[in-house]
Amino acid sequence: MAQPWWKSSVAYQIYPRSFCDSNGDGVGDLPGITSKLDYLRTLGIDVVWLSPIYQSPNDDGGYDISDYRAIAPEYGSMADFDQMLAQMHQRGIRLMMDLMVNHTSDEHPWFTEACKSKDNPYRNYYIWRAPAADGGPPNNWEAAFSGSAWEFHAPTGEYYLHMFSKKQPELYWENALVRAEVHALMRFWLDKGVDGFRMDVINMVSKTYAADGSLPNAPVVRPGFLQPAFTLVTNGPRLVEYLQEMRREVLDHYDTITVGEAPCATLRQGVEITHPETGALGMLFQFEHMDLDSVPGHGEGKWALQKLQLGDLKTSLSRWQDGLAGRGWNSLYLSNHDQPRPVSRFGDDGVHRVASAKMLATLLHGMQGTPYVYQGEELGMTNKPYASVDDCYDLESRNMFRTATQERGIDPEVALQAIRTKGRDNARTPMQWNASAHAGFTTGTPWQPVNPNYPAVHSEAALADADSVFHYYRALIALRKAHSVLVDGRYKLLLAEHPEIYAYLRALGKKRWLVVCNFYGGTPVLDVPYRAAQRVIGNYPETGVGLQNMVLRPYEAAIFRLE
Ligand code: NOJ
């Protein structure tokens, strides 16, 4: 059987609100995206993953949908969408839509109907429970965006479940009607010609109910406070059944790219869900490597910062590389709209910004899987310099700051530092196109300010500079297209214990390629028993002294074809 096209593809994520504004209202839009397709073509990507553009009250950046079949007016019209899709296809770029079907907006007609009465036909589209004996929420769960995961609906006297904001009620997937609605809306977009879906928190659709239908309390990790409950709402007993059903009902009838966002996913689930014959989806976005710089099991979750250990990163990425080889397929990512900028998080966004951005790109694009580039990553865009909590536009950060400082007694400076390090606005400042006002993102006032470093970091400068991060990404993407060893080659970690160097082999038939990354700003000596036939790419000028005892420069990265 021929290999699916998406295995040799590179995807690019667009967060539409911050990509390109064509009409000066300060919000990115679909015509803005269309106007930048040649830029994406130059970069060489094959697929766009478009974050939500559907009608939404926009409580959570559009991840709260009130109409799955309508475009949010601030992004344009359905005609703009059709035009964008046609223009993408004309350039050989496919489109992957964001599918949010674990929850809707509370302004979706299903939910407004459900609120009308306990016997409304839509009531059972959502998860309702009677109050606890004291009138409080049915259990001790905390939502991802702080506060109880339950919201009381006074007119009908019950609580509804929302694992994110209270404007994002969870759909009740045990109800076959809900699943049929999901299948129908997927067909709607596929019939329009879209090429697949990124599925938001898809492993949360099956929850683990007790025999009596209740949802049990989460174990207490933070006495006296609400409890993180993510492990209880992910990977429920019917997840694979639901995904198989979706595959049978919808996906098998189209040629699609699919990637399921899967917090708390284990390698075993990765194999089960992405197995080429028996799985249901093409790929997962697993989170293991995104969690390594937070204290494991801590009540403050992702905000409990710890320094990343390179050894942990090697162990985690290698486990997924080895574990899915021949039995599934990896998505490769270091960033998206929920994560800080990789060059600030894992590299050096000061003097070594360019070198370290290229090093991180080499590390990722050298691996087996489908790489995802998040808008601005290809420019080495950096984290946002938050001066205070007033710089937060994202409700997750704002809510966390409020609960942490007002309810949990956390020092405001500590909470702000956590936001600077992990806040989602880091990735959501507008795209930096040129050195004109607001980085050329808008002629109006941007919905959130651009990063003040835009006069130095923008795409116009990057396109004009052959040594830019942009051209390095372009070269890496082209390399993957030209050499199947980068797509199909087996991965083998080298120098597992080395404290500064991340190195690995890729092997396919007789071909062996070596990927070397100096993860820090020191000058470690590389010692591997190989001879290079050729350096195929690198982020420093080539020295020509070969591999033996090669002194690596700060954040140096290179890929070698071995003899
Ligand atoms: C994951 C999305 O990526 C994130 O942006 C969103 O807030 C949550 N799911 C809830 O939809």
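Indexing begins at 1, ligand by ligand and atom by atom, following the structure's order. Computed over heavy atoms, backbone and side chain alike; hydrogens, waters and symmetry mates excluded.
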Please identify which atoms of ligand 1 are closer than 4.0 Å to at least one heavy atom of [X].
| X | answer |
| --- | --- |
| Glu261 | 1 (C), 3 (O), 9 (N) |
| Arg424 | 4 (C), 5 (O), 6 (C), 7 (O) |
| His337 | 2 (C), 3 (O), 4 (C), 5 (O) |
| Asp338 | 1 (C), 2 (C), 3 (O), 4 (C), 5 (O) |

| Would a line drawn from the ring center of Phe188 to the ring center of Tyr68 be shorter than 6.0 Å? |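 Distance test on ring centres: not under 6.0 Å, no.
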Identify the closest protein heavy atom to [atom]: which residue and atom is it, and at what distance?
| atom | answer |
| --- | --- |
| atom 9 (N) of ligand 1 | Asp200 OD1, 2.9 Å |
| atom 7 (O) of ligand 1 | Asp60 OD2, 2.5 Å |
| atom 8 (C) of ligand 1 | Phe164 CE2, 3.8 Å |

Please state which part of [X] comes within less than 4.0 Å of ligand 1, counting heavy atoms only: side chain, backbone, both or neither.
| X | value |
| --- | --- |
| Arg198 | side chain |
| His103 | side chain |
| Phe285 | neither |

| Does Arg428 reach ligand 1, in the sense of a heavy atom lying below 4.0 Å from it? |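 Checking ligand 1 against Arg428, which is what was asked, there is a heavy-atom contact under 4.0 Å.
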| Is Asn451 close to Val457 at the side-chain level, that is, under 4.5 Å between some pair of heavy atoms? |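 No, side chains not in contact.
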Any salt bridge linking [X] with [Y]? Criterion: basic side-chain nitrogen under 4.0 Å from a carboxylate oxygen.
| X | Y | result |
| --- | --- | --- |
| Asp293 | Arg345 | yes |
| Asp338 | Arg428 | yes |
| Lys167 | Asp59 | no |
| Arg398 | Asp425 | no |

| request: Name the orientation class of the two ring planes belonging to Phe81 and Trp189 (parallel below 30°, tilted from 30 to 60°, perpendicular beyond 60°). | output: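 Because their plane-to-plane angle is over 60°, the rings of Phe81 and Trp189 count as perpendicular.
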| query | Does a donor on one side chain and an acceptor on the other come within less than 3.5 Å for Tyr75 and Gln55? | reply |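 No - no donor-acceptor pair under 3.5 Å links their side chains.
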